[in-house]
2 protein chains.
Amino acid sequence: MPATERRELILEAAAKVFGERGYVGATTDAVAREADVSQPYVVRMFGSKAALFEAVLTRSLDRLLAMFRDAAAAFEEERATDPETELALCIGRNYVDLLRDRGILLSLMQAFMLGADPEIGPVARAGWMRVYRCLRDEIGLTSEEVVGILDRGMLINTLVGLRLAADWDDPDVSEMITTAMPQKAGIVRALADERG
Amino acid sequence: MPATERRELILEAAAKVFGERGYVGATTDAVAREADVSQPYVVRMFGSKAALFEAVLTRSLDRLLAMFRDAAAAFEEERATDPETELALCIGRNYVDLLRDRGILLSLMQAFMLGADPEIGPVARAGWMRVYRCLRDEIGLTSEEVVGILDRGMLINTLVGLRLAADWDDPDVSEMITTAMPQKAGIVRALADERG
DNA sequence: AGAGCAAGTAATCATTCGATAACCACTCCG
DNA sequence: CGGAGTGGTTATCGAATGATTACTTGCTCT
């Protein structure tokens, strides 16, 4: 297999493992197992675990920003036929699609929680502000609108990190997920089922 | 020093270290150093690192719920003179006070991100739902109102985890913090300054 | 054929970290 | 005095983990 393709497989596996266990808790061996290669190969391909994590973060961030741009484009198109539609709804739809690859959002979230780390912290803050500026300058939202998007996003990320949907039987759990994600609770539940 | 007092000191130190580095990244040695005791003492007092983390989580959760109850009481009192006041504002005021002990909110947040862990996950989910039920049943909010409180809370927790206020010089950073925490941006900035 | 390179693996090393064991100091009490 | 309980410490061990080295395999191009 060509190295570029293998690289993408490893990045995908790494995003999942980093998202589940956090930066320190994730082992290069677990990433290797998930990608079905040997542990030394993972380390040598990226140079170090830290470099692998940064590669995962830039990849995740690129996907997230691309999602926002896609959602904004879909919103513009949709508004032609339905002038009542809202951008937040379009973003919400596309956001849930990102959840299918849980690693993208959770690995970012794990980085955000390590702001005190002298190496990860600056990278995480820069990534966060790229999101803010994308929404404000490219999509053209006010700072209040951006914050309104981000806070619901952080709640959803937390619920995903919690694996709260695993307790869907609890009526309080289903109520809270349904309230937080009105349009997409069904999909979230299905994803939780199929992945335990 | 009596053991109960030492225990509280260690819990405080542990909350800070767990909040900064995450569960796996935090070492019992770092906790011990922060509490100014030896590493084996920390381990023996709580039995294991995992037991220490759970003790930190219950303590943090108790403080958080107590804060919500205090805020609700303050709201009732305040409404007598100002019928326009809002519960969210009262909670916001008290929430920022909790930030003075950053470990409380961040150690909880770190636990929420480990929902996939077979040991921490169930504890984290149970803790989260205690928060939800407290706000809904004791404070008497609708599920929509609870979610409205929680999502802004998760955004603030993320900003604190990021140590975003460290980049206050960046005008985009100050704009976004001020937008997310209109009443308390000044305090946040001061806290960031005094603690680096 | 065989040189050369790309894509990997097996074996191993040095550190780090949680945990354990053994020991020390002080105070209180008979 | 002496011993027992309380509040600690120093020394050390074993497992886990990131990294390194050296080897193997298979393809391609003269």
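Note on naming: letters A, B, ... go to the chains in the order of the sequence lines (proteins, then strands), and numbering restarts at 1 for each one.
The pair B/Asp172-A/Arg136 meets the salt-bridge criterion, with a side-chain N (NZ, NE, NH1 or NH2) lying under 4.0 Å from an Asp/Glu carboxylate O. Between B/Arg133 and A/Asp170 there is a salt bridge, since at least one side-chain N of the basic residue sits less than 4.0 Å from a carboxylate O of the acidic one. A salt bridge between A/Glu138 and A/Arg130 is absent, with no side-chain N of the basic residue lying under 4.0 Å from a carboxylate O of the acidic one.
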(request) Show the numbers, then the answer: is there a side chain to side chain contact (heavy atoms under 4.5 Å, CB included) between A/Leu159 and B/Met154? (result) CA-CA 10 Å; A/Leu159 297 182; B/Met154 293 305 104; over 6 Å; no
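In summary, the side chains of A/Gln39 and A/Thr28 do present a donor paired with an acceptor at a separation below 3.5 Å, with no hydrogens or angles considered. A/Tyr95 and A/Asn157 are linked by a side-chain donor-acceptor pair at a separation below 3.5 angstrom, with hydrogens and angles left out of the test.
What separates CG of B/Asp29 from P of D/dA11 is a distance of 14 Å, to the nearest Å. Separating the CE atom of B/Met45 from the C1' atom of D/dT6 is a distance of 11 Å, rounded to the nearest angstrom. For the pair B/Tyr23 OH and C/dC17 C1', the computed distance is 12 Å after rounding to whole Å. Following rounding to the nearest Å, A/Arg44 (CZ) and C/dA6 (P) show an atom-to-atom distance of 12 Å. With rounding to whole Å, A/Leu9 atom CG is found 14 Å from C/dA7 atom P.
Residue B/Ile156 holds its CD1 atom at 12.5 Å from CG of B/Leu164, rounded to the nearest 0.5 Å.
B/Val43 and B/Met45 sit in two unconnected hydrophobic clusters of ILVMFWY residues. Membership requires side-chain heavy atoms under 4.5 Å apart, directly or through other members. A/Tyr41 and A/Val31 fall within the same hydrophobic cluster, where Ile, Leu, Val, Met, Phe, Trp and Tyr residues are linked whenever their side-chain heavy atoms come under 4.5 Å apart, directly or through other members. Put simply, A/Val96 and A/Leu89 are part of two different groups of oily side chains (I, L, V, M, F, W, Y) that touch within less than 4.5 Å, one to the next.
The residue B/Arg6 sits close only to the backbone: its heavy atoms come under 4.0 Å of sugar-phosphate atoms, none of a base.
Counted within 6.0 Å of CD on A/Glu119, heavy atoms from surrounding residues, nucleotides or ligands total 12 or fewer; the atom is thus considered open.
Interface residues of residues 48-57 of chain A facing DNA chain C, ordered by number: none; criterion, heavy-atom separation under 4.0 Å. Only A/Gln39, A/Pro40, listed by number, bring a heavy atom of residues 31-42 of chain A to less than 4.0 angstrom from any atom of DNA chain D.
Residue B/Thr27 places none of its side-chain N or O atoms closer than 4.0 Å to OP1 or OP2 of C/dC17.
Over its full length, the helix from C/dA1-D/dT30 to C/dG30-D/dC1 turns its helical axis through 20°, comparing axes from the five pairs at each end and rounding to 10°.
Closest to the B/Met1 side chain, of the nucleotides C/dG18, D/dG8, D/dA22, is D/dG8.
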